[in-house]
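Down below is the structure, laid out as structure tokens.
Note that this is a predicted model, so its numbers are computed, not measured.
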Amino acid sequence: KRGLTCLSVLGIRDIIRPEVPDAVNTCQKAGIKVRMVTGDNKVTALAIAKQCNIIGTDHPDAVLEGPEFYERIGGLYCDNCKQDSPCDCNEEDVVEKVKNNEEFKGI
């Protein structure tokens, strides 16, 4: 179309709280695998993960998009009723667990 005018281009950057990189380092030194599962896109998540020191090692699973993570762990189930999550249990009775615990541990 003609006659249209671009009024602005806007970029938004997530601000990392100052204590987060040190907290990630502390966890990593304690042997905890720190991973980011995001609902954002992976490019944005990678940028944030670098700022937080989550990635520095080249681990392919350091940042995963939510759907990929969910698929790899096989989804969730309720340990109370053994049905896929979400189930029909009362909220206070739901105990969610991953279906593929070995894959979860590997991530």
Side-chain angles (χ1 to χ4, degrees):
K1 293 185 176 189
R2 294 178 177 250
L4 299 176
T5 303
C6 178
L7 296 176
S8 70
V9 175
L10 177 67
I12 298 173
R13 181 174 162 231
D14 290 325
I15 297 173
I16 306 303
R17 289 186 287 161
E19 67 273 14
V20 171
D22 287 340
V24 169
N25 288 337
T26 299
C27 290
Q28 290 170 334
K29 286 177 185 172
I32 298 168
K33 294 182 198 176
V34 179
R35 301 292 182 250
M36 177 185 288
V37 178
T38 181
D40 220 335
N41 73 53
K42 198 166 186 172
V43 173
T44 302
L46 284 167
I48 295 167
K50 286 179 184 175
Q51 292 175 343
C52 294
N53 297 331
I54 292 173
I55 57 175
T57 59
D58 292 328
H59 194 287
D61 296 327
V63 176
L64 296 170
E65 291 179 327
E68 178 189 358
F69 176 73
Y70 193 80
E71 182 179 318
R72 287 189 45 194
I73 64 168
L76 301 172
Y77 73 95
C78 175
D79 196 41
N80 185 38
C81 68
K82 308 300 184 210
Q83 294 180 8
D84 284 352
S85 186
C87 65
D88 295 328
C89 290
N90 292 326
E91 188 175 330
E92 63 273 2
D93 296 328
V94 175
V95 179
E96 286 186 322
K97 292 194 175 181
V98 298
K99 288 183 179 180
N100 187 340
N101 203 37
E102 290 306 310
E103 181 68 17
F104 179 76
K105 288 178 188 176
I107 293 172

Who are the side-chain hydrogen bond (donor to acceptor under 3.5 Å, both in side chains) partners of [X], not counting sequence neighbours?
X: Thr26; result: none
X: Gln83; result: none
X: Glu96; result: Ser85

Give the minimum heavy-atom separation between [X] and [Y], together with the two atoms involved.
X: Gly106; Y: Lys33; value: O-NZ, 3.9 Å
X: Arg72; Y: Asn100; value: O-ND2, 4.0 Å
X: Val98; Y: Phe104; value: CG2-CB, 3.9 Å

Could you work out, with side chain to side chain contact (heavy atoms under 4.5 Å, CB included) as the rule, every residue matching [X], not counting sequence neighbours?
X: Ala49; answer: Met36, Ile54, Ile55, Val63
X: Val20; answer: Ile16, Arg17, Val24, Cys52
X: Tyr70; answer: Leu76

Going by the rule salt bridge (charged side-chain N to carboxylate O under 4.0 Å, His left out), which residues pair with [X] if we only count those two or more places apart in sequence or in a different chain?
X: Asp79; value: Lys82, Lys97
X: Glu102; value: Lys105
X: Lys99; value: Asp84
X: Glu92; value: none

Residues, nucleotides or ligands: over 12 heavy atoms within 6.0 Å of [X] [atom1]:
X: Glu68; atom1: CD; value: yes
X: Ile32; atom1: CD1; value: yes
X: Asp88; atom1: CG; value: no

Let me check something: do Val37 and Ile73 share a hydrophobic cluster, defined by ILVMFWY side-chain heavy atoms less than 4.5 Å apart, either directly or through other members? yes
Which of Pro86, Cys81, Cys87 passes side chain to side chain contact (heavy atoms under 4.5 Å, CB included) with Val94? Answer is Cys87
